[in-house]
Structures are given as structure tokens and as C-alpha cells.
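Start at 1 with the first residue, then count along the sequence.
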Amino acid sequence: MDHRVPVAAVVAVVLAVWLQLPAASRGQLQVGFYNTGCPNAETLVRQAVTNAFNNDSGVAAGLIRLHFHDCFVRGCDASVLLTSANGTAERDAAPNNPSLRGFQVIDAAKAAVEQSCPRTVSCADIVAFAARDSINLTGSVSYQVPSGRRDGNISIDQDALNNLPQPTFTAAQLVASFANKSLTAEEMVILSGAHTVGRSFCSSFLARVWNNTTPIVDTGLSPAYAALLRALCPSNANASTPTTTAVDPSTPATLDNNYYKLLPLNLGLFFSDNQLRTNATLSASVDSFAANETLWKQRFVAAMVKMGNIEVLTGSQGEIRLNCSVVNNRSSAAAGAGIERPYHYSGATVSIDELATS
């Protein structure tokens, strides 16, 4: 079956959402912002993302998550890319380190854009373009990204801890976290669907399967799935344990609606995933998207565009960083570039029927 979403339908949905934003917000960013100043900017970013994807398809999920983690902390200002000599930047915080990835792709895209159009394209816009391109590569859906963001110059680890939703959040905490960013409960469910791609470290779900050295019975987790996770992640695993597992065990490299189909089978990896089934309103959205992939993809790209408008810096605010990992008034040579921690993948694709057994 062809799951590609018609471009016209996506554009219509995105435009409808864009027009619903306050006039001041709509005026801040615009599609084709670089048409004059750097007309090949989006093409250069797409090439960098495609090159990285061809070498490691898992980087696409990392770039989608990178955009999310940027926007939820101080807005979409590329603050998540900044490094700190004493390890106190956003990227050093527990929700980001060591799991956040894609920094090297952004650096490669920035280098290409700087060579073509010096001091013109912000790192924040590159992050947004890279997320869009990653969605296209994994989900075969294209959409336009309004741009014109500027880069911030503040990055504090505590801000990430205070603003990023956690895999241990309840339904109420998830709704409140997204509401703080002017995103609705339905948009929270929609954006949670990004969990259909990517991998997770043991520390994000360990408490669902172990209590110290004792196995846990989590009624929201299939016993067969829990047993597999215990075999994968020992009870003494921690944030430094390099083992990862696919968040969606059946189609881990494809942006589809399988995430929503897994939840009723108690195959949501995180506690927060299962929470989408504990609330009648949220559960109704889950069922709707499980039944209609085209609908979810249309809503997903619209939600991504809306998320990309969170607390943006525009005009004379912020700056256009020359090096995405440091602000312009610091020595780029002293800061260095972001270094990704290698992932250690495990196992083969798992049958849903095997995991959903009780």
C-alpha cells in the first residue's frame, strides 16, 4: 500500500494551521525567507541530511527529536546546539545526554551554507529544515517550513530539565507540558507519534521493568515485551549503559502510524506512551490515528510547523551564529564541535504477535 500523503493535502492543512496563528506570530516567519539572500539554503541542508541518512538511517529520528528538544527549551533558537566548557549547556542535561544526536549533521549543513551564503542562515532554521527533511526521508511526506528564526545565545542544562516532557510523565503532566508551549492535548498525541522512529537507551524505561533487582509487573506493558526488555537491559543499567532498543519494534525506521497501533497492545515502550490510553479523550485520538495514517501525517506536519514557531527570535533579536556550537563573541576554536556518542544496536525486528502475548 502506498502511504505517501498527497502534497496538496498537506499544504492545505499546514496553511490552515498557519492562518489560525495570531497575526503577529504569522508575520515572524515565512516560507521562502531565504529565496533572495540564500536561494539554495534548503537544498544544501537537504543534501547534508540525505548524505548522513544514506550512511546511517537512524540519524533521521535524531534530527526530528533535536528540533523538538530545541523548541521546548527557550523556543526554536538552536540553544540546544551550544556547548559548554563545564558541561552545563542544554545538550549536557540528562534528557539530552547521551541520547540526543544529529549535531554533526547540523554542523555539516551549516558549513555548506556558510560557504555559499556567509552570515545569512541561522542554525535554528537549519535544525527546522533538517527535521522536515528527515520526516520526508522516513515518511514520504513533504511540506514547507516557514523560516527566519535567529539564534539564541543562552543554553542552560536546568532549562532542559524544567521544560522537556519526560518518559515518566503522567497524562496530566504531558498535557500541561505541551500547554505551556501553546500546544493542545491532541497536538501532544500527534507529536508523540514521532516515537514511531528512533531508539531509546535503557535508562528511559528501566523503571517499568525493574525495581532494583526485582522484575516489575506493569499492567500497561505486555509481559512478553517486558521480558524482552529485561533481557536487553539488566537491572543495574544506567544512563551510561550504551545499549539501545527501537521505540517501535516492528517498523523502527519508518515514520508511520504503527505507534498508535502498538499502544492498545501494551507495546508502548515508555510509561508516557501508555498514558495516552488512560485518558478517554487522548485514547480517542490514538484510535483515530491508528485507523487513518494519512490523517495522522497531515496533522503531524501541521503540528511540527506550529511547534517550530514556539518563542522564536526574529528580526534584530539574537544572532546568526557562524559556528552552531558557540555564540559569535566566543572563540569557535576553543569550543569545538559536538561529538556524538556511538549507539550499540541490539537484536532483530520483533514480531508484534510475539510481544503482545500475555
Side-chain angles (χ1 to χ4, degrees), residues 61-62 64-76 79-80 87-102 155-212 216 218-221 225-226 229 233 235 237-241 243-248 259-260 262-263 266-279 282-283 285-286 303-304 307 310-311 341:
I64 297 169
R65 185 167 178 255
L66 189 67
H67 186 36
F68 178 88
H69 281 226
D70 180 36
C71 291
F72 259 62
V73 184
R74 292 188 172 271
C76 310
S79 55
V80 73
T88 58
E90 288 174 32
R91 63 195 284 175
D92 300 309
N96 294 331
N97 183 23
S99 61
L100 207 60
R101 63 189 308 225
S155 186
I156 303 172
D157 54 356
Q158 192 62 46
D159 289 342
L161 292 170
N162 292 340
N163 286 277
L164 290 171
Q166 303 297 314
T168 55
F169 270 15
T170 64
Q173 288 175 311
L174 289 169
V175 171
S177 177
F178 278 70
N180 286 339
K181 304 302 176 184
S182 300
L183 294 166
T184 67
E186 182 182 57
E187 287 166 338
M188 180 272 290
V189 176
I190 291 167
L191 290 170
S192 295
H195 287 175
T196 192
V197 290
R199 304 182 71 86
S200 171
F201 284 89
C202 296
S203 55
S204 294
F205 56 84
L206 197 69
R208 296 196 76 190
V209 295
W210 290 109
N211 179 13
N212 293 322
I216 289 178
D218 185 327
T219 57
L221 194 63
Y225 193 21
L229 295 176
C233 298
S235 60
N238 54 45
S240 298
T241 302
T243 304
T244 66
T245 189
V247 183
D248 173 351
Y259 167 80
Y260 301 104
L262 296 177
L263 297 185
N266 292 329
L267 296 178
L269 180 62
F270 306 129
F271 175 82
S272 58
D273 291 329
N274 184 61
Q275 286 293 294
L276 303 188
R277 299 292 297 174
T278 65
N279 174 288
L282 302 182
S283 185
S285 293
V286 169
M304 287 292 292
M307 184 191 77
I310 295 175
E311 302 167 24
R341 180 179 184 142

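Heavy atoms only, all atoms of each residue included: Leu206 and Ser235 are closest at CD2-O, 3.9 Å. Contact between Ala194 and Ile64 at its shortest, heavy atoms only, is CB-CG2, 4.4 Å. Summarising the geometry of Leu269 relative to Ala246, their closest heavy-atom pair is CD2-O, 4.3 Å, with the distance given to 0.1 Å. The two atoms that bring Gly198 and Ala61 nearest to each other are CA-CB, 3.4 Å, heavy atoms only. Across all non-hydrogen atoms, the minimal contact from Pro95 to Leu161 is CD-CD2, 3.5 Å. Of all the heavy atoms in Glu187 and Ser182, the pair that sits closest is OE1-O, 4.3 Å.
We find the NE2-CG distance between His69 and Leu164 to be 5.0 Å, quoted to the nearest 0.5 Å. We find the CZ-CD1 distance between Phe72 and Ile310 to be 5.0 Å, quoted to the nearest 0.5 Å. With values rounded to the nearest 0.5 angstrom, Asn266 atom CG is found 9.0 Å from Arg277 atom CZ. Lys181 NZ to Glu311 CD: the interatomic distance, rounded to the nearest 0.5 Å, is 4.5 Å. For the atom pair Leu267 CG and Leu221 CG, the distance stands at 7.5 Å (nearest 0.5 Å). In this structure, OH on Tyr225 lies 5.5 Å from OG1 on Thr245, to the nearest 0.5 angstrom.
Arg74 and Ser79 share no donor-acceptor pair across their side chains, judged by distance under 3.5 Å alone. Using modelled atom types and a 3.5 Å distance limit, the side chains of Gln275 and Thr170 yield no donor-acceptor pair. For the 3.5 Å distance criterion, the side chains of Ser99 and Arg199 fail to qualify, holding no donor opposite an acceptor. No side-chain N or O of Asp248 forms a donor-acceptor pair with one of His195 less than 3.5 Å apart.
Val209 places none of its side-chain heavy atoms less than 4.5 Å from the side chain of Ile216. By the 4.5 Å heavy-atom criterion applied to side chains, Asn274 and Arg208 are counted as neighbours. Side chains of Tyr260 and Val189 form a contact here, defined as non-hydrogen atoms less than 4.5 Å apart. Leu282 has its side chain out of reach of Leu174: every pair of non-hydrogen atoms, C-beta onward, lies at least 4.5 Å apart. No side-chain heavy atom of Ile156 sits under 4.5 Å from any side-chain heavy atom of Thr88. Contact annotation: the side chain of Asn163 approaches that of Val73 to within less than 4.5 Å [non-hydrogen atoms, C-beta and beyond]. At a threshold of 4.5 Å between non-hydrogen side-chain atoms, the residues His67 and Met304 count as touching. Inter-residue side-chain proximity for Phe270 and Val247 is flagged as met; some heavy-atom pair is nearer than 4.5 Å.
In this structure, the side chain of Trp210 engages the main chain of Cys233 through a donor-acceptor pair within 3.5 Å. Under the 3.5 Å distance criterion, the side-chain polar atoms of Thr241 are matched with a main-chain donor or acceptor of Asn238. Ser283 places no side-chain N or O within donor-acceptor distance of the main-chain N or O of Asn279, the cut-off being under 3.5 Å. Counting only distance, with no hydrogens or angles, the side chain of Asn97 and the backbone of Ala93 share no donor-acceptor pair below 3.5 Å.
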**Q.** Verdict with reasoning, Leu276 to Tyr259, per side-chain contact (heavy atoms from CB on, under 4.5 Å)
**A.** CA-CA 11 Å; Leu276 303 188; Tyr259 167 80; 3.5 Å; yes
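The aromatic rings of Phe68 and Phe178 sit tilted relative to each other, their planes meeting at an angle between 30° and 60°.
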